[in-house]
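Bear in mind that the values here come from a model prediction, so they are computed numbers and not experimental data. Here is the naming used below: chain letters follow the sequence lines, and residue numbers restart at 1 for every chain.
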Amino acid sequence: MPERVRIVFDDADDVPVAKQVPETEEIQGSKPVKRKDQPTDHQKQKRKKRKLEGSTDTRSQEFTSSNETQPEPVSRDTNEKDAVNGVANGTSDHLKNKNHKTKKQAPQGTKQNFTSLREKAKALYETRKNLPIFPHGDEIRRNLRTNDVMLLVGETGSGKSTQIPQFLVNEQWCRPTKATVAQDDGSEKEMTVGGCIAITQPRRVAAISLARRVAEEMGTPLGSSSPASKVGYSVRFDTSTSPSTRIKFLTEGMLLQEMLHDPSLTKYSAIVVDEVHERGVNVDLVLGFLRNLVSGKKEGRGGVPLKVVVMSATADMESLMDFFKEGLQAQGDTNTTNGNTCQQDSSQPNVEGKISVCHIKGRQFPVKTIYAPAPVHDFVDAALKVIFQIHYKEPMPGDILVFLTGQEMVEALEHLVNEYATGMDPALPKVQVLPLFAALPQVAQQRVFLPAPPRTRKIILATNIAETSVTVSGVRFVVDCGKAKIKQFRTRLGLDSLLVKPISKSAAIQRKGRAGREAPGQCYRLYTEKDYLALDETNTPEILRCDLSQALLNMKARGVDDVMGFPFLTRPPRESLEKALLQLLSIDALEESGKISSIGLHIAKLPLTPTLGRVLLAASEHGEGCLLDVIDIISCLSVENIFLNTTSEEKKEEAEKARRDLYRREGDHLTMLATVQAYAAENTDRKAWAERHMVSHRAMQSVMDVRKQLTTQCRQAKLLPSAGESRNASNNSATREPSPVLILQSFLRGFSTNTARLVPDGSYRTVVGNQTVAIHPSSVLFGKKVEAIMYNEFVFTNRSYARGVSAVQMDWVGDALTGA
DNA sequence: GAGCACTGC
């Protein structure tokens, strides 16, 4: 077997080396720590030249090398956070001992507790001082004293997420200020404005772990653990703050939610928007609202300025600069009606001076890039060759991380690598293949983090989950296929497409950076350098790829009536905006005038898509029992798949058997209801119950969280009687029979356009648009023929699929479409 | 006969 692999490589050796020296990507500076043995750039150039003239380095004959040495601006710094945590763990043992000693004298004393917190913070200060951003503290403070807006490029490992809030928290402008604030009704009110700093994060875990770290560095307890805590966080289902909180980490969605109640963000003196380069829809909305705030008159803040710091890991700051400049200009020259914005910066000195830009180098080991000499068509085959090429030639240690497009490819390659490895020379180190994708059970995902057995190289086969969400240590080799599956909403068809597309340059750089976390590394790109240079610079912002109805409802709820005039960092096509407006109109979230309706306002407050929110309100009209049932179903729909994947044929049969008592012939919605109710009724061991029924316990825990949140909100909105009021016995879900007709009719109020009818040839055609759609194989209705179906999602992968499907009657669909 | 990745008072 190994022979075969070798032969493949020998073939490749005949490929002539067509090496071009790249003009780009050779940026000086930012040397990683502890690298005395590294050659200088001059030496590297020399070596590169030698290689071109025909070196003995066999590696370069298979893959041309661009010899990138500089740490590129690697986006997304989960790394940074991990690195920081790693150091923290290193010191904490030592501190724990200290702690232990002092505890003997005053075991329970709060005072003692604070002393140890301070000691720990003191020790951490030494680490903080070494962060690349640390020397920039004064400069950053100085800039923000005069400017309200600051753009900061901080590469991976620069320490920006943890240090910026600490740099600013003791500034004069960050103190709470008494101000006279204009109220909505025109009256004025004396109130305190400012005092807090908010830092937004795209992910929950990041928000929580950063808060924990910053609390440690500041020597303060975390969040709600003490009323004196200065650092807290707020994410969905988990808010931990205190009356003394001055620094708060929150998810972008949480900040939007806060803005719904306090549009002027009166609690805050500064908002730090971190990781903007990820460009989720929420961050685009946050930036639009913040631009309006900083360039407005700030009546809602009694004139107290709000400082905005926008942080990104990629250097693409020009568009952000223009974005904020435009807002401040509009404020500055209200008299000028000149349509052309000034090209020359110097002609707008007032505006220019209000925005500062700061660039902080990161800390990353160099990663050498090796390109495929010719375009690759079979990624599985190409990756297999490269994996063994690395394994044969490169010394241990050094794990390999392979980026592939999806589960299918991961499993195919896993199979092949294992097959080759069985015939490998026993003298060679062993290999351990570890698949990694989101649908993999948690336990299997965790295996990636365990150290490999002795003399074993880990080979991690991952989807783009490893690009942002998960950091694996020990990786020195990255193999990148250059593609990813990307979900795109197609307005015209009203469906989501999940297609394999080339990644962006910044994603390629991000993937490559995963090899240089702990030591110099190598990145094998399974595409040519020419193809790399042709990639888009950045990922397509989500706002161009998704259904905009939720974003628009969000804006309408904040009083933005002219959504076409909203300051979008990237403006979605007019067609998408119009489609979303029509969609909102069709569910009565907007009035004919385009203003938000009372129904719309209600829906905007729910943590649901507008359609699901509409369903919830429709269900409330059918009584308490129906609403409770619909909440159960909606909770499932807003969570990942609750049923575990069935990989093998026998497992599939096993699952069918285990779930038989949960399946409902009416379809997926009532099946979900039966599952939630059975799970909730299980009072002894829910985990065991889930395992028995091949239901994901993790997903069900999330379902229960959402269910609780929605129930609470419905009680507050008086859609349900308050918790204290005794429930009508007939409404107890354990004893009451659900009404499938009422439930499905409630769903049709939101999903009337997501319906299809059976046509004589046995296929389904959408009622609106007459497109062919197939029931997704994961549905309980898969292979069944009913008069008509209603579905939650319309997805195009290899063909058009309806997911989340229930049987409905055509006359219900007719009623729902005509609004009867 | 099939599942890129996140997120929400």
Side-chain angles (χ1 to χ4, degrees), chain A residues 76 78 200-207 234-239 241 250-262 275 278-283 285-286 403-411 436-440 462-470 481 483-488 496-501 503 507 510 539 542 545-546 550-551 553-554 557 602-610 612-613 635 638-647 649 652 696 702 705-706 708-710 712-714 716-717 774-779 782-783 793 795-799 801-803:
Chain A
R76 302 176 183 114
T78 16
T200 70
Q201 291 293 321
R203 273 173 292 281
R204 296 158 47 100
V205 270
S234 179
V235 301
R236 190 184 189 185
F237 309 128
D238 189 5
T239 291
T241 53
L250 32 58
T251 49
E252 290 148 3
M254 283 306 261
L255 186 70
L256 283 176
Q257 216 53 54
E258 286 192 11
M259 289 180 104
L260 208 51
H261 295 110
D262 181 11
E275 317 280 25
E278 294 204 17
R279 293 297 302 277
V281 189
N282 286 346
V283 90
L285 292 183
V286 163
F403 283 99
L404 300 162
T405 58
Q407 180 180 346
E408 200 182 356
M409 215 186 257
V410 166
E411 284 170 345
L436 181 64
F437 45 88
L440 201 68
T463 61
N464 51 5
I465 190 172
E467 226 176 83
T468 44
S469 321
V470 165
C481 77
K483 307 261 191 234
K485 281 191 188 173
I486 291 166
K487 199 173 183 171
Q488 171 121 29
D496 273 322
S497 300
L498 190 57
L499 300 172
V500 174
K501 294 220 165 151
I503 59 172
Q510 170 73 14
N539 295 343
E542 195 190 0
R545 298 189 286 113
C546 74
Q550 199 168 6
L553 189 65
N554 229 313
H602 212 135
I603 295 174
K605 288 178 187 164
L606 295 166
L608 297 170
T609 60
L612 285 176
S635 303
S638 53
V639 153
E640 63 195 289
N641 196 3
I642 59 166
F643 293 111
L644 289 171
N645 295 322
T646 46
T647 37
E649 199 55 32
K652 198 209 140 215
S696 160
S702 311
D705 281 338
V706 180
K708 193 173 154 198
Q709 188 186 20
L710 291 175
T712 310
Q713 278 179 292
C714 286
Q716 283 162 356
I775 296 176
H776 195 274
S778 64
S779 171
F782 176 72
E793 262 186 309
V795 193
F796 182 87
T797 50
N798 291 317
R799 56 192 291 201
Y801 285 109
R803 272 202 305 219

Name the nucleic acid region contacted by [X], choosing base, sugar-phosphate or nothing; use a 4.0 angstrom heavy-atom cut-off, strictly under.
{"X": "A:Q713", "value": "base"}
{"X": "A:V281", "value": "nothing"}
{"X": "A:S234", "value": "nothing"}
{"X": "A:L606", "value": "base"}
{"X": "A:R803", "value": "nothing"}
{"X": "A:I486", "value": "nothing"}
{"X": "A:A484", "value": "nothing"}

In whole angstroms, how far is the [atom2] atom of [N] from the [atom1] atom of [X]?
{"X": "A:D705", "N": "B:dC9", "atom1": "CG", "atom2": "C1'", "result": "14 Å"}
{"X": "A:E278", "N": "B:dC6", "atom1": "CD", "atom2": "P", "result": "11 Å"}
{"X": "A:N464", "N": "B:dA5", "atom1": "CG", "atom2": "C1'", "result": "6 Å"}
{"X": "A:F796", "N": "B:dA2", "atom1": "CZ", "atom2": "C1'", "result": "14 Å"}
{"X": "A:L440", "N": "B:dC4", "atom1": "CG", "atom2": "P", "result": "12 Å"}
{"X": "A:K605", "N": "B:dC9", "atom1": "NZ", "atom2": "P", "result": "14 Å"}
{"X": "A:E640", "N": "B:dT7", "atom1": "CD", "atom2": "P", "result": "11 Å"}
{"X": "A:E793", "N": "B:dG3", "atom1": "CD", "atom2": "C1'", "result": "11 Å"}

**Request:** For A:Q407 and A:T463, work out which heavy atoms get closest and say how close.
**Result:**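 What the structure gives for the nearest pair is N-CG2, 4.2 Å.
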Between [X] and [N], is there a contact of a side-chain N or O with OP1 or OP2 at under 4.0 Å?
{"X": "A:T239", "N": "B:dC9", "answer": "no"}
{"X": "A:R204", "N": "B:dC6", "answer": "no"}
{"X": "A:S469", "N": "B:dC6", "answer": "yes"}
{"X": "A:Q716", "N": "B:dC9", "answer": "no"}

**Message:** Which is more 5' along DNA chain B, the nucleotide nearest A:L608 or the one nearest A:K485? Just name the residue.
**Reply:**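 Going by which nucleotide is closer to the 5' end, it is A:K485.
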Which nucleotide sits closest to the side chain of [X]: [options]?
{"X": "A:K487", "options": "B:dC4, B:dC9, B:dG1", "value": "B:dC4"}
{"X": "A:F437", "options": "B:dC9, B:dG3, B:dA5", "value": "B:dA5"}
{"X": "A:R236", "options": "B:dC9, B:dG1, B:dG3", "value": "B:dC9"}
{"X": "A:S778", "options": "B:dC4, B:dA2, B:dC9", "value": "B:dA2"}
{"X": "A:P777", "options": "B:dA2, B:dA5, B:dC9", "value": "B:dA2"}

**Item:** Main-chain N/O of A:V281 paired with A:E542 side-chain donor or acceptor, under 3.5 Å
**Value:**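 Judged by distance alone, yes, a pair lies under 3.5 Å.
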**Message:** Using side-chain heavy atoms (C-beta onward) and a distance below 4.5 Å, is A:L710 in contact with A:L608?
**Reply:**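 Answer yes - side chains close enough.
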**Side-chain heavy atoms of A:V706 within contact of A:R236, under 4.5 Å** =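 With C-beta onward as the side chain, the pair touches.
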**Prompt:** What do the steps show when you test A:L260 against A:Q257 for side chain to side chain contact (heavy atoms under 4.5 Å, CB included), and what is the final call?
**Reply:** CA-CA 5 Å; A:L260 208 51; A:Q257 216 53 54; 3.5 Å; yes
**Item:** Counterpart residues, salt bridge (Lys or Arg N to Asp or Glu O under 4.0 Å), relative to A:R279 (two or more places apart)
**Value:**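 In terms of salt bridge (Lys or Arg N to Asp or Glu O under 4.0 Å), with neighbours along the sequence ignored, A:R279 is linked to A:D284.
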